[in-house]
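Let me begin by presenting the structure, written as structure tokens, before commenting on it.
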Amino acid sequence: MSALLEPWDGDIAKARRLQAQLAMQLVLEDDFPTPLRSLGGFDAGFEAEGTVTHAAALLMDADTLQPTAQRIARLPTCMPYIPGLLSFRELPALLAALAGLPQPPQLAFIDGHGIAHPRRLGIAAHFGIATGLASIGVAKKPLCGSFDPPGPEPGDRTRLMHRGAQIGWVLRSKRRCNPLFVSPGHRVSMASAAELVMRCLAGYRLPEPTRLADRLASQRDGR
DNA sequence: GCGACAG
DNA sequence: ATCTTGTCGC
């Protein structure tokens, strides 16, 4: 829960040091309820020329993938977008939306990277440390690391590497669609991260938790 | 030094 | 992220 509500002071170096420190607390092994009963989907968006940040939180049944509750939270935008420091900008809104759900999900899917980050603390990892919940990052584009393109079949994947270590997967979730960049957040193993995303697909490029959260967060109405 | 850079 | 309709390709 460290340094999340403190106002942005512009000190990028300090923020980076905090990320490295928080990343040390990550549990990169499977440690979530089984069998999984509930899943969560989270995504953030902006309104009023970026002055307002809104976040969508969605609770769903792990077996049917049907949403059971949803919540949208709005907060004044606290800082600008700085590559590598995304979580400091969007996490406050995500946490506010999470607090509005009837109960927390047993596993959260976050729109953005988990440990596939320069200091291993993408927004999904930061969300996990801040809440204690198991989390997985699902991003549409890479932030760092190198990789070979995965095969064309759904399920095909290659390792996303950074500084000699695997930080995630480049996963083909659907034919003829650009691959997803999947990485563990907190309390989820590298192998399970990809498997869990595959298990949540329903015919679209994005797994249901993030797909529905994306749709909710970017709807023109309800604002 | 130069280029890249989640959302 | 956001401004935004139709259009090309599978």
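All chains are named by letter (A, B, ...) in the order of the sequence lines, taking the proteins before the strands, and each is independently numbered beginning at 1.
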Taking distance alone, no hydrogens or angles, what donor-acceptor pairs closer than 3.5 Å link side-chain atoms of residues 163-172 of chain A to residues at least two apart or in another chain?
| from | atom 1 | to | atom 2 | distance (Å) |
| --- | --- | --- | --- | --- |
| A:Gln166 | OE1 | A:Arg159 | NH1 | 2.3 |
| A:Gln166 | NE2 | A:Gly168 | O | 3.0 |
| A:Trp169 | NE1 | A:Met190 | O | 2.8 |
| A:Arg172 | NE | A:Cys177 | O | 3.3 |
| A:Arg172 | NH1 | A:Pro150 | O | 3.1 |
| A:Arg172 | NH1 | A:Gly151 | O | 3.1 |
| A:Arg172 | NH2 | A:Cys177 | O | 3.2 |

Output side-chain donor-acceptor pairs under 3.5 Å for residues 31-41 of chain A, partner residues at least two apart or in another chain, one line each.
| from | atom 1 | to | atom 2 | distance (Å) |
| --- | --- | --- | --- | --- |
| A:Asp31 | OD2 | A:Arg187 | NH1 | 2.6 |
| A:Ser38 | OG | A:Gln106 | N | 3.1 |

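With distances taken from any side-chain atom of A:Ile123 to the nucleotides B:dA6, C:dT2, B:dG7, the minimum falls on B:dA6. Comparing B:dG7, C:dT2, B:dC5 by their nearest atom to the side chain of A:Leu86 picks out B:dG7.
A salt bridge links A:Glu195 to A:Arg157: one of the charged nitrogens lies within less than 4.0 Å of a carboxylate oxygen.
Listed in residue order, the members of residues 139-163 of chain A having a heavy atom less than 4.0 Å from DNA chain B are A:Ala139, A:Lys140, A:Lys141, A:Pro142, A:Leu143. Residues of residues 185-212 of chain A having a heavy atom closer than 4.0 Å to DNA chain B: none are found.
Between A:Trp169 atom CH2 and B:dA6 atom P there is a gap of 23 Å when expressed in whole angstrom units. The distance between atom CD1 of A:Ile110 and atom P of B:dG7, rounded to the nearest whole Å, is 13 Å. Rounded to whole Å, atom P of B:dG7 lies 9 Å from atom CG of A:Asp214. Remark: C1' of B:dA6 and CD1 of A:Ile167 are 11 Å apart, rounded to the nearest angstrom.
Residues satisfying the side chain to side chain donor-acceptor pair (under 3.5 Å) test with A:Gln19, not counting sequence neighbours, are A:Arg119.
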task = Taking Watson-Crick and G-U wobble pairs with both distances under 3.5 Å, convert DNA chain B into its dot-bracket string, 5' to 3', dots for unpaired and | for cross-strand pairs.
result = .......
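In this structure, A:Phe88 has its ring center under 6.0 Å from that of A:His126.
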